[in-house]
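Working notes, beginning with the structure itself.
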Amino acid sequence: MKQDASRNAAYTVDCEDYVHVVEFNPFENGDSGNLIAYGGNNYVVIGTCTFQEEEADVEGIQYKTLRTFHHGVRVDGIAWSPETRLDSLPPVIKFCTSAADMKIRLFTSDLQDKNEYKVLEGHTDFINGLVFDPKEGQEIASVSDDHTCRIWNLEGVQTAHFVLHSPGMSVCWHPEETFKLMVAEKNGTIRFYDLLAQQAILSLESEQVPLMSAHWCLKNTFKVGAVAGNDWLIWDITRSSYPQNKRPVHMDRACLFRWSTISENLFATTGYPGKMASQFQIHHLGHPQPILMGSVAVGSGLSWHRTLPLCVIGGDHKLLFWVTEV
């Protein structure tokens, strides 16, 4: 748990395997620790981490594994349920994964005897994004290379199904108006769907391809960000269906885009994980250049802490944490 200056990461945590995906729990979980989940080639680890930025008596990072779930197949995506609570008796851990076998698994655990999972089947190609409805946690949305966005209930029944024009890359749920869903496609189109009417209500165009990742800004839901080609792009949906801002950032094609959870001007992007070290950048809309640049050995996954200007990325047998100033 040391400062790792050679990689620019503020903190690192060693893992048993290559980390394909990592997600901080974005919801209040009733405990001072921050829940984090990461996935490897055949397992998911749930842990808590506390940082010196939030607790005076912690030096650096304090990390503890709560449970390891056998997964049996490579983990491609993880989404937390808002029903997860550490302060209930017994505690509730609820999350879902997407996997290389094109299935979604919904895990429920009390961190003791109850450890169950349900398989949701229907996609016919790789799943690129999945998310719980943020209010009740009773539905899951997923997008796939099979040109569909699907909504599932917790029994695994599909309650809605949208046909896309190209592979679905990202899906986000509006934090307040839970009938609104954002779906980003590889062909550069981002559509907003009304789940009550089950139809598209608005679309944005990147004019660049391939669009690899898009994210709805939870601090200001008029803002949408994405990476396409080598660039990051940002829209103000009240002003235009074309990007307000864009900038080339990654020579090796951009891969992921994530808004900070605490500022509408702060976001992070990653380059494509490859044989070489992958680039990681934190950007602020008030600054022409990235405010932080890091290099990660074949890094993948990207997630922001719920209350701190702190990012995590998965690496080779490591979690890497970067801290920035807001």
Side-chain angles (χ1 to χ4, degrees), residues 1-15 19-29 31-38 45-65 78 80 213 215 217-220 223 225 227 232 234 247 249-250 254-271 273 277-326:
M1 310 294 175
K2 59 187 184 300
Q3 292 271 358
D4 194 288
S6 64
R7 294 266 173 88
N8 304 333
Y11 316 114
T12 60
V13 169
D14 292 329
C15 309
V19 178
H20 289 287
V21 61
V22 56
E23 289 290 340
F24 277 118
N25 178 15
F27 305 107
E28 169 63 58
N29 58 46
D31 189 80
S32 60
N34 308 279
L35 279 166
I36 192 168
Y38 65 91
V45 175
I46 303 293
T48 59
C49 41
T50 309
F51 299 91
Q52 65 185 24
E53 283 77 7
E54 54 189 344
E55 295 274 345
D57 55 351
V58 170
E59 196 172 318
I61 180 177
Q62 200 170 49
Y63 171 81
K64 178 179 155 207
T65 293
I78 297 173
W80 283 97
S213 170
H215 198 212
C217 180
L218 299 187
K219 275 287 170 195
N220 176 355
K223 280 186 176 175
V227 285
W232 59 252
I234 288 171
R247 199 160 295 149
V249 277
H250 296 284
C255 184
L256 292 172
F257 182 108
R258 293 287 183 275
W259 288 103
S260 156
T261 46
I262 61 170
S263 165
E264 63 172 270
N265 293 311
L266 199 61
F267 59 96
T269 59
T270 64
S278 173
Q279 213 183 23
F280 157 74
Q281 299 182 7
I282 293 180
H283 313 267
H284 190 285
L285 285 175
H287 296 262
Q289 299 297 324
I291 57 173
L292 188 151
M293 293 175 73
S295 176
V296 196
V298 255
S300 64
L302 171 63
S303 184
W304 283 90
H305 188 282
R306 192 173 64 84
T307 57
L308 294 174
L310 185 149
C311 264
V312 62
I313 283 191
D316 188 6
H317 292 74
K318 272 186 173 56
L319 295 177
L320 301 121
F321 299 87
W322 271 268
V323 185
T324 183
E325 304 296 318
V326 178

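Predicted model, so just to flag it, every value in this text is computed and none were measured.
The two atoms that bring His215 and Trp259 nearest to each other are ND1-N, 2.8 Å, heavy atoms only. Annotation for Gly271 and Cys255: closest pair O-CB, 3.4 Å, computed over non-hydrogen atoms. Closest non-hydrogen pair, Val323 versus Leu310, comes out as CG2-CD1, 3.6 Å. Of all non-hydrogen atoms in Val296 and Gly315, the two that sit nearest each other are CG1-CA, 4.3 Å. Closest approach of Trp80 to Pro26, counting heavy atoms only: CB-CD, 3.8 Å. Shown here for Arg306 and Thr261, the closest heavy-atom pair between the two residues is O-OG1, 3.2 Å.
Between Trp232 and Ile234 there is a side-chain heavy-atom pair separated by less than 4.5 Å. Proximity of Ile282 to Phe267: side-chain heavy atoms (C-beta onward) are nowhere separated by under 4.5 Å. Residues Thr324 and Leu266 have side chains in contact (heavy-atom distance under 4.5 Å, counting atoms from C-beta outward). Put simply, the side chain of Thr50 does not reach to within 4.5 Å of the side chain of Tyr63, judged on heavy atoms. A 4.5 Å side-chain heavy-atom check between Leu308 and Ile262 finds every atom pair outside the cut-off. Considering only heavy atoms from C-beta on, Cys15 comes within 4.5 Å of Tyr38 through its side chain. Using a 4.5 Å heavy-atom threshold, the side chains of Leu256 and Val227 count as separate. A 4.5 Å side-chain heavy-atom check between Thr12 and Leu319 finds every atom pair outside the cut-off.
With hydrogens and angles disregarded, a donor-acceptor distance shorter than 3.5 Å links the side chain of His284 to the backbone of Gly286. Ser303 places no side-chain N or O within 3.5 Å of a backbone atom of Val312 that could act as its donor or acceptor partner. Remark: side-chain polar atoms of Gln281 are paired, donor with acceptor, to backbone N or O of Val249 under 3.5 angstrom.
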- side-chain contact (heavy atoms from CB on, under 4.5 Å) between Arg258 and Cys311: does it pass, once the steps are laid out? CA-CA 10 Å; Arg258 293 287 183 275; Cys311 264; over 6 Å; no

- Message: Could you walk me through whether Lys318 and Asp14 satisfy the side-chain contact (heavy atoms from CB on, under 4.5 Å) test, starting with their C-alpha distance in whole Å, then the side-chain angles of each, then the deciding distance to 0.1 Å, before giving a yes or no?
- Response: CA-CA 5 Å; Lys318 272 186 173 56; Asp14 292 329; 3.8 Å; yes

- Query: After noting the C-alpha distance and the side-chain angles of Leu292 and Glu325, does the key distance pass the side-chain contact (heavy atoms from CB on, under 4.5 Å) rule?
  - Reply: CA-CA 10 Å; Leu292 188 151; Glu325 304 296 318; over 6 Å; no

- Task: Please step through ring-ring contact (aromatic ring centres under 6.0 Å, His included) for the pair Phe280 and Trp322, ending with a clear verdict.
- Result: CA-CA 10 Å; Phe280 157 74; Trp322 271 268; 4.5 Å; yes

- Query: Yes or no on side-chain contact (heavy atoms from CB on, under 4.5 Å) for Leu35 and Ile46, after CA distance, side-chain angles and deciding distance?
  - Reply: CA-CA 7 Å; Leu35 279 166; Ile46 303 293; 4.0 Å; yes

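No side-chain donor from either of Gln52 and Asp57 sits under 3.5 Å from a side-chain acceptor of the other. Looking only at atom types and distance, the side chain of His250 has a donor-acceptor partner in the side chain of Thr269 under 3.5 Å away. In the model, Asn34 has a side-chain atom that pairs as donor or acceptor with a side-chain atom of His305 under 3.5 Å.
The CD atom of Glu23 sits 10.0 Å away from atom CG of Asn25, with the distance rounded to the nearest 0.5 Å. Taken from SG in Cys49 to CZ in Phe321, the straight-line distance is 4.5 Å, to the nearest 0.5 Å.
Under the salt bridge (charged side-chain N to carboxylate O under 4.0 Å, His left out) criterion, Glu53 pairs with no residue, sequence neighbours left out.
Pairs passing the salt bridge (charged side-chain N to carboxylate O under 4.0 Å, His left out) check and including a residue from residues 278-293, sequence neighbours excluded, do not occur.
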